[in-house]
Peer 1: 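Next up is a structure, given as structure tokens.
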Amino acid sequence: MTDTIFGAIARGETEVELVFQDERAVAFRDISPQAPVHLLVIPRQSLVSLAEVGENDTELLGHLLQVCARVARQEGLEDGGYRVVTNVGGDGGQSVFHLHLHVLGGRALGWPPG
Ligand code: 5GP
């Protein structure tokens, strides 16, 4: 896959402030927040999107979802609720081609999304 800014973040090559990190994942604030809290959770491993994952990635995906719940709790979103979403490809609205989960909260979110 081609490298992306998220690849550089995952490798610790940029100045971005991480809200969480471990050996498999990092979480940081979206540069253009769409809600009072808007975090991105990414694997350190290079994966383009959900469309690329296979059976070997099952544990990693479970871990990424756990990290989403953890950072949402850390940000005080648990009581009010929040949304976790991943965009895939052009129609999905994906603009950075390194798998990432958006964690959005801090306001009531509309449904369906645009
Ligand atoms: P996508 O549209 O691919 O689902 O989401 C990409 C997200 O990454 C967007 O919400 C965008 O604001 C965010 N983003 C793009 N470049 C950067 C960056 O350099 N730093 C951070 N923190 N967020 C970024």
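Everything quoted here is computed from the prediction, not taken from an experiment. Numbering of ligands and ligand atoms starts at 1, following listing order. One-based numbering along the sequence shown.
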Peer 1: Considering both backbone and side-chain atoms of Asn87, is one of its nitrogen or oxygen atoms within less than 3.5 Å of a nitrogen or oxygen in ligand 1?
Peer 2: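 N/O-N/O distance below 3.5 Å exists for this pair.
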Peer 1: Do the side chains of Arg73 and Glu78 get nearer than 4.5 Å, heavy atoms only?
Peer 2: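 Yes. Closest side-chain heavy atoms under 4.5 Å.
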Peer 1: Going by atom types only, do Asp22 and His63 share a side-chain donor-acceptor pair under 3.5 Å?
Peer 2: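 Yes, a side-chain donor-acceptor pair sits under 3.5 Å.
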Peer 1: Which residue and atom name correspond to the protein heavy atom nearest atom 12 (O) of ligand 1, and how close is it?
Peer 2: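 Of the protein heavy atoms, Asp30 OD1, 2.5 Å lies nearest.
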Peer 1: Closest approach of Val48 and Gln94, non-hydrogen atoms and distance?
Peer 2: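 In terms of heavy atoms, the two residues are closest at O-NE2, 2.9 Å.
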Peer 1: Report yes or no: does a heavy atom of Phe6 sit under 4.0 Å from some atom of ligand 1?
Peer 2: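 Yes, Phe6 has heavy atoms under 4.0 Å from ligand 1.
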Peer 1: Below 3.5 angstrom, do we get any N/O pair linking Val96 and ligand 1?
Peer 2: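 It does: an N or O of Val96 is found under 3.5 Å from an N or O of ligand 1.
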Peer 1: side-chain contact (heavy atoms from CB on, under 4.5 Å) between Phe6 and Leu40: does it pass, once the steps are laid out?
Peer 2: CA-CA 10 Å; Phe6 290 2; Leu40 299 167; 3.6 Å; yes
Peer 1: Decide, yes or no, whether a salt bridge links Glu75 with Arg29 under the criterion of side-chain N to carboxylate O below 4.0 Å.
Peer 2: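 Yes, charged N to carboxylate O under 4.0 Å.
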Peer 1: Less than 4.0 Å is my threshold; does some heavy atom of Gln34 fall inside it relative to ligand 1?
Peer 2: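 Contact absent.
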Peer 1: Among all protein heavy atoms in this structure, tell me which lies nearest to atom 22 (N) of ligand 1, with the distance rounded to 0.1 Å.
Peer 2: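 The protein heavy atom lying closest is Arg29 O, 2.8 Å.
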Peer 1: Short question: side chain of His102, backbone of Asn87 - any donor-acceptor pair under 3.5 Å?
Peer 2: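 Flag not set: sc His102 to bb Asn87 has no pair under 3.5 Å.
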Peer 1: Starting from atom 17 (C) of ligand 1, which protein heavy atom do you reach first, and at what distance in Å?
Peer 2: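 I find the closest protein heavy atom is Ile31 CG2, 3.8 Å.
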Peer 1: If the cut-off is 4.0 Å to any non-hydrogen atom of His102, which atoms of ligand 1 fall inside it?
Peer 2: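 Those of ligand 1 that fall under 4.0 Å from His102 are 1 (P), 4 (O), 5 (O), 7 (C), 10 (O).
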Peer 1: Could you find the nearest protein heavy atom to atom 3 (O) of ligand 1 and give me its residue, atom name and distance?
Peer 2: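 Of the protein heavy atoms, Ser95 N, 2.6 Å lies nearest.
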Peer 1: Quick one: closest heavy-atom pair of Leu50 and Leu99, and the distance?
Peer 2: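 Closest heavy-atom pair between Leu50 and Leu99: N-CD1, 3.5 Å.
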Peer 1: Ser32 heavy atoms, cut-off 4.0 Å: which ligand 1 atoms fall inside?
Peer 2: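 Listed by number with element: 12 (O).
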Peer 1: Once you restrict to heavy atoms under 4.0 Å, what part of Leu40 touches ligand 1? Side chain, backbone, both or neither.
Peer 2: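 Under 4.0 Å from ligand 1, Leu40 contributes side-chain atoms alone.
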Peer 1: Taking distance alone, with N or O pairs closer than 3.5 Å, would you say Gly93 contacts ligand 1?
Peer 2: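 The answer is yes, given that Gly93 and ligand 1 share an N or O pair closer than 3.5 Å.
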Peer 1: Does some side-chain heavy atom of Phe28 sit less than 4.5 Å from a side-chain heavy atom of Ile42?
Peer 2: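 Yes - at least one pair of side-chain heavy atoms lies under 4.5 Å apart.
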Peer 1: Hey, any chance Val41 and Val19 share a hydrophobic cluster, counting ILVMFWY side chains that come within less than 4.5 Å of each other, even indirectly?
Peer 2: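 Per the 4.5 Å side-chain linkage, Val41 and Val19 are co-clustered.
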Peer 1: At a 4.0 Å threshold, what atoms of ligand 1 neighbour a non-hydrogen atom of Ile5?
Peer 2: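 Those qualifying, in numeric order: 19 (O).
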Peer 1: For atom 1 (P) of ligand 1, what's the nearest protein heavy atom and its distance?
Peer 2: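 I find the closest protein heavy atom is His100 NE2, 3.1 Å.
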